[in-house]
Chemist: 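Structure provided below as structure tokens; questions to follow.
Quick caveat: nothing in here was measured; it's all calculated off a predicted structure.
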Amino acid sequence: MVRSVFTFVFSLALAATAAAQTGTWQIDPNHSSAQFSVRHLGVSTVRGAFTKVSGTAQYDTADPSKNSLDATIDASSVDTRVQMRDNDLRSDHFLDAQKYPTITFKSKSAKAAGDGKLQITGDLTIHGVTKEVVLDVDGPSAPIKDPWGNQRIGASASTKINRKDFGVNGAPGVVGDDISITIDAELIQPKGK
């Protein structure tokens, strides 16, 4: 009897854990960002971030092919810690943030890529141009319950693009063409979802 009660309670705990890990998750914009790095004059690396990231993810621990990610980045939130450079990046020389206010990623497929890793293929749109890219994902982490009863997971995704493929052509010879991108995201599943 004790063993069957223990087995029943253990099964419920496993089901609750699996349910908590599966479903729709919201990107927490206060704890997420998209960073980039690019060579300057071929001699140094300039790093920056986009500080306004939002979106949703579907996460299924049992079937990685059901995982998906839709993310939106506010192009005007670019921050390289140099105001003059940030204004130039927002201008029509580079991102043209007034005409193209968002950078988006919409996944098309996902697959496991080793222990604790995923590969997510999707459409990245920058400067009004859409190209397929592959995100290499570390995570998601095991979920934790925050002090307010919500579930949270974290993941880090990276890729490399050529900015000219997206029509971002400003300052040739000064700014490198290859851009490394990393998205660090904390995702939340509200209590009761």
Chemist: Looking at P64 and A112, what are the two nearest heavy atoms and their distance?
Modeler: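 It is CB-N, 3.8 Å.
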Chemist: Please list all pairs passing the side-chain hydrogen bond (donor to acceptor under 3.5 Å, both in side chains) test where one or both residues lie in residues 161-173, with sequence neighbours left out.
Modeler: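 As it turns out, there is no side-chain hydrogen bond (donor to acceptor under 3.5 Å, both in side chains) pair with a partner in residues 161-173 once direct neighbours are skipped.
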Chemist: Can you list every salt bridge (Lys or Arg N to Asp or Glu O under 4.0 Å) pair that touches residues 93-106, not counting sequence neighbours?
Modeler: none
Chemist: Quick one: list whatever passes ring pair (Phe, Tyr, Trp, His ring centres under 6.0 Å) with F94, sequence neighbours left out.
Modeler: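 Counting only residues at least two positions away or on another chain, F94 forms no ring pair (Phe, Tyr, Trp, His ring centres under 6.0 Å).
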Chemist: How far does CD1 of I27 sit from CG of D70, to the nearest 0.5 angstrom?
Modeler: 9.0 Å
Chemist: Could you see if V78 belongs to whatever hydrophobic cluster contains V129? Use Ile, Leu, Val, Met, Phe, Trp, Tyr and a side-chain cutoff under 4.5 Å.
Modeler: yes
Chemist: So, do F166 and I161 sit near enough that their side-chain heavy atoms are less than 4.5 Å apart?
Modeler: yes
Chemist: How far does CD of Q189 sit from CD1 of I153, to the nearest 0.5 angstrom?
Modeler: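 Nearest 0.5 Å value for the CD-CD1 distance: 8.0 Å.
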Chemist: Could you list all the salt bridge (Lys or Arg N to Asp or Glu O under 4.0 Å) pairs where at least one residue sits in residues 34-51, not counting sequence neighbours?
Modeler: none
Chemist: Can you pull out every ring pair (Phe, Tyr, Trp, His ring centres under 6.0 Å) where at least one residue sits in residues 117-159? Sequence neighbours excluded, please.
Modeler: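 Checked against ring pair (Phe, Tyr, Trp, His ring centres under 6.0 Å) - neighbours excluded - the pairs reaching residues 117-159 are Y100-H127.
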Chemist: In terms of hydrophobic clustering (I, L, V, M, F, W, Y; side-chain heavy atoms under 4.5 Å; direct or indirect links), are L95 and V82 co-clustered?
Modeler: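 Not linked; separate clusters.
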Chemist: Give me each pair satisfying side-chain hydrogen bond (donor to acceptor under 3.5 Å, both in side chains) with a member in residues 128-144, each pair once, sequence neighbours excluded.
Modeler: K108-E132, K117-D138, Q119-D136, T125-T130
Chemist: Under the 3.5 angstrom rule, does the side chain of T159 hit a backbone N or O of V134 as a donor-acceptor pair?
Modeler: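 The answer is yes, because a donor-acceptor pair under 3.5 Å joins these two groups.
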Chemist: Just checking, any donor-acceptor pair under 3.5 angstrom between side chains of T24 and Q26?
Modeler: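 The criterion, which ignores hydrogens and geometry beyond distance, is not satisfied for Q26 and T24.
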Chemist: Not counting sequence neighbours, list each pair that qualifies as a salt bridge (Lys or Arg N to Asp or Glu O under 4.0 Å) and has a residue in residues 75-86.
Modeler: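 Listed once each, the pairs would be none.
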Chemist: In terms of the angle between their ring planes, are W25 and Y59 parallel, tilted or perpendicular, with boundaries placed at 30° and 60°?
Modeler: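 W25 vs Y59 ring planes: perpendicular.
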Chemist: Go through T80 and L89 one step at a time and tell me if the side-chain contact (heavy atoms from CB on, under 4.5 Å) criterion holds.
Modeler: CA-CA 9 Å; T80 64; L89 289 172; 3.8 Å; yes
Chemist: Establish whether F36 and M84 are linked, either directly or via other cluster members, by ILVMFWY side-chain heavy-atom contacts under 4.5 Å.
Modeler: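 Different clusters: F36 never reaches M84 through Ile, Leu, Val, Met, Phe, Trp or Tyr contacts under 4.5 Å.
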Chemist: Go through the steps for S33 and T51 under the test side-chain contact (heavy atoms from CB on, under 4.5 Å), then give the verdict.
Modeler: CA-CA 5 Å; S33 68; T51 59; 5.9 Å; no
Chemist: If you take all heavy atoms of G176 and V38, which pair is closest and at what distance?
Modeler: O-CG2, 3.4 Å
Chemist: Can you give each donor-acceptor pair under 3.5 Å made by side-chain atoms of residues 181-188, sequence neighbours left out, with the distance rounded to 0.1 Å?
Modeler:
from	atom 1	to	atom 2	distance (Å)
D184	OD1	S156	OG	2.8
E186	OE2	R152	NH1	2.7

Chemist: For V137, give me all partners under side-chain contact (heavy atoms from CB on, under 4.5 Å), at least two apart in sequence or on another chain.
Modeler: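 side-chain contact (heavy atoms from CB on, under 4.5 Å) check on V137 returns L118, I120, L135, A155, A157.
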Chemist: Heavy-atom distance under 4.5 Å between the side chains of V168 and V175, does that happen here?
Modeler: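 A side-chain contact under 4.5 Å is absent here.
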Chemist: For the pair S77 (side chain) and D74 (backbone), establish whether a donor and an acceptor sit closer than 3.5 Å, ignoring hydrogens and angles.
Modeler: yes
Chemist: Return the minimal non-hydrogen interatomic distance between N150 and P190, and the atom names on each side.
Modeler: OD1-CA, 3.3 Å
Chemist: Which residues satisfy the side-chain contact (heavy atoms from CB on, under 4.5 Å) test with S180, sequence neighbours excluded?
Modeler: S37, K160
Chemist: Check whether any side-chain N or O of S91 sits under 3.5 Å from a backbone N or O of H93 as a donor-acceptor pair, and report yes or no.
Modeler: yes
Chemist: Donor-acceptor pair, R90 side chain versus A97 backbone, under 3.5 Å?
Modeler: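 Not at all, since once roles are kept as given, no pair shorter than 3.5 Å links the two residues.
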Chemist: Answer yes or no: is there a side-chain heavy-atom contact under 4.5 Å between S54 and T72?
Modeler: yes
Chemist: For D63, what residues pass the side-chain contact (heavy atoms from CB on, under 4.5 Å) criterion, not counting sequence neighbours?
Modeler: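 D63: side-chain contact (heavy atoms from CB on, under 4.5 Å) contacts with D60, S65, K66.
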Chemist: Listed by chain and number, what are the side-chain contact (heavy atoms from CB on, under 4.5 Å) partners of S44, not counting sequence neighbours?
Modeler: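 S44: side-chain contact (heavy atoms from CB on, under 4.5 Å) contacts with H40.
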Chemist: Take D123 and F105 through the test side-chain contact (heavy atoms from CB on, under 4.5 Å) and record every step on the way to the result.
Modeler: CA-CA 6 Å; D123 289 332; F105 178 82; over 6 Å; no
